[in-house]
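What follows is one structure encoded as structure tokens, with my remarks underneath.
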Amino acid sequence: MEETRRERKKRQTRELIAGHAFRLFADQGFEQTTVAQIAAAADVATKTFFNYFPAKEDVLFFAAGEYYDVTLEVLASRRPGETIADLLLRTYEEVVAHFVGRDPELAGLYRELVMTVPSVQAKGLLVLLDLQRKVAGAFVESFPGEIDLVTAAAAVGALMGALMGASLVSRELGHDEEETLEAGRAAAEVALRGLRSLSAGQQA
């Protein structure tokens with residue numbers, strides 16, 4: 001559907017606020033940055049900030065909806081003979097490419113905050129759980145009869161859980177951004193070894 005003028009303006013304002021917030025987080029730290037400072041930097045009222053984001057933590061996940069959209073695009077482009085497991089892996093790769101492609105520097109900052117700031121970690125878990133449910137539902141709707149909702153939820157949860165665990169440990173070991181991404185890819189392969197048994201009409 002074509003974006004209306006009102007929707008475009010709202011999206012632009014949302015992105016403007018988020019952009020200034022990320023810059024402030026990078027310059028002075030997440031916990032040291034206030035909502036008032038973010039609003040002032042974006043030249044909007046504090047009330048306007050809260051019209052778009054319930055709390056400061058929510059700014060970090062402003063693009064979460066885009067990742068679900070990427071998932072839907074991947075599902076719509078399923079290749080002949082592509083298994084559910086392989087499609088899950090391709091979904092992960094496309095989402096990561098989209099995420100890093102937006103702004104590699106901000107992607108690194110986002111990962112760092114998600115892994116080190118408790119309030120951001122808590123919000124991230126809620127966002128992740130919601131995204132897992134949506135992605136599982138999208139798989140079931142896209143491929144009726146091939147996978148049920150419980151199996152889809154287990155498959156998506158296994159993949160995302162492996163990615164999160166590997167990324168956290170990689171960061172704790174002091175790995176750089178590329179090493180952390182590679183750890184995520186390796187974790188995805190580990191998770192998918194068990195998921196490759198999912199084939200047309202087969203339930204876990």
Discussion item. I need the minimum non-hydrogen distance between V156 and L88, along with the two atoms involved.
Written reply: CG2-CD2, 3.9 Å
Worksheet item: What residue among L131, V127, L128 forms side chain to side chain contact (heavy atoms under 4.5 Å, CB included) with F61?
Response: V127
Worksheet item: Where is the tightest heavy-atom contact between L159 and Y92, given as atom of each residue plus distance?
Response: CD2-CB, 4.4 Å
Response to the item:
What one should report as the nearest heavy-atom pair of S119 and E57 is OG-OE2, 3.0 Å
Discussion item. Could you see if L24 belongs to whatever hydrophobic cluster contains F50? Use Ile, Leu, Val, Met, Phe, Trp, Tyr and a side-chain cutoff under 4.5 Å.
Written reply: yes
Worksheet item: Got F25 and E112 here, is their nearest side-chain heavy-atom distance under 4.5 Å?
Response: no
Discussion item. According to side chain to side chain contact (heavy atoms under 4.5 Å, CB included), who are the partners of L125, at least two apart in sequence or on a separate chain?
Written reply: M164
Worksheet, complete the sentence: One should read off an interatomic distance between L113 CG and E31 CD, to the nearest 0.5 angstrom, of 9.0 Å
Item to complete: Taking the side chain as every heavy atom from C-beta outward, state whether R14 and K10 have any pair of such atoms under 4.5 Å apart.
Response: no
Worksheet item: Roughly how far apart are F22 CZ and I38 CD1, rounded to 0.5 Å?
Response: 10.0 Å
Fill in: Rounded distance (nearest 0.5 Å) linking atom CD1 of I17 with atom CG of D58
12.0 Å
Item to complete: Might you point out which heavy atoms bring A162 and A187 nearest each other, and give the distance in Å?
Response: O-CB, 3.4 Å
Practice prompt. Check salt bridge (charged side-chain N to carboxylate O under 4.0 Å, His left out) between E182 and all other residues, then give those that pass, not counting sequence neighbours.
Written response: R185
Worksheet item: Are D130 and K134 ion-paired here, with the side-chain N under 4.0 Å from a carboxylate O?
Response: yes
Worksheet item: Taking the side chain as C-beta and beyond, is there a heavy-atom pair between L149 and F139 under 4.5 Å?
Response: no
Worksheet item: Checking side chain to side chain contact (heavy atoms under 4.5 Å, CB included) for the pair F49/V59: CA distance, chi angles, key distance, verdict?
Response: CA-CA 10 Å; F49 174 93; V59 176; 3.6 Å; yes
Practice prompt. Could you please spell out the steps behind the salt bridge (Lys or Arg N to Asp or Glu O under 4.0 Å) verdict for E15 and R11?
Written response: CA-CA 6 Å; E15 291 177 350; R11 175 180 56 78; 3.5 Å; yes
Fill in: Any side-chain heavy-atom pair of L60 and F30 under 4.5 Å
yes
Worksheet item: Can you check whether F143 reaches L75 side chain to side chain, under 4.5 Å on heavy atoms?
Response: yes
Worksheet item: For the residue pair Q121 and T116, what are the closest heavy atoms and their distance?
Response: NE2-N, 3.8 Å
Worksheet entry | More than 12 heavy atoms from other groups under 6.0 Å of CG on D27 | yes
Worksheet item: Checking S170 side chain against A166 main chain: does a donor-acceptor pair fall under 3.5 Å?
Response: no
Worksheet entry | Closest heavy-atom pair and its distance - A36, T46 | CA-OG1, 4.2 Å
Discussion item. Let me check something: do L16 and L109 share a hydrophobic cluster, defined by ILVMFWY side-chain heavy atoms less than 4.5 Å apart, either directly or through other members?
Written reply: no
Worksheet entry | Q37 and Q28, any side-chain heavy atoms less than 4.5 Å apart | yes
Worksheet entry | Sub-4.5 Å side-chain heavy-atom contact between R90 and L87 | yes
Worksheet item: Between CD of E141 and CG of L72, what distance do you get to the nearest 0.5 Å?
Response: 9.0 Å
Practice prompt. Compare all side-chain heavy atoms of Q132 with those of L129 and state whether any distance is below 4.5 angstrom.
Written response: yes
Item to complete: Please assess R78 against I84 for the test side chain to side chain contact (heavy atoms under 4.5 Å, CB included), listing each intermediate value before the final yes or no.
Response: CA-CA 9 Å; R78 186 182 186 182; I84 294 291; 4.3 Å; yes
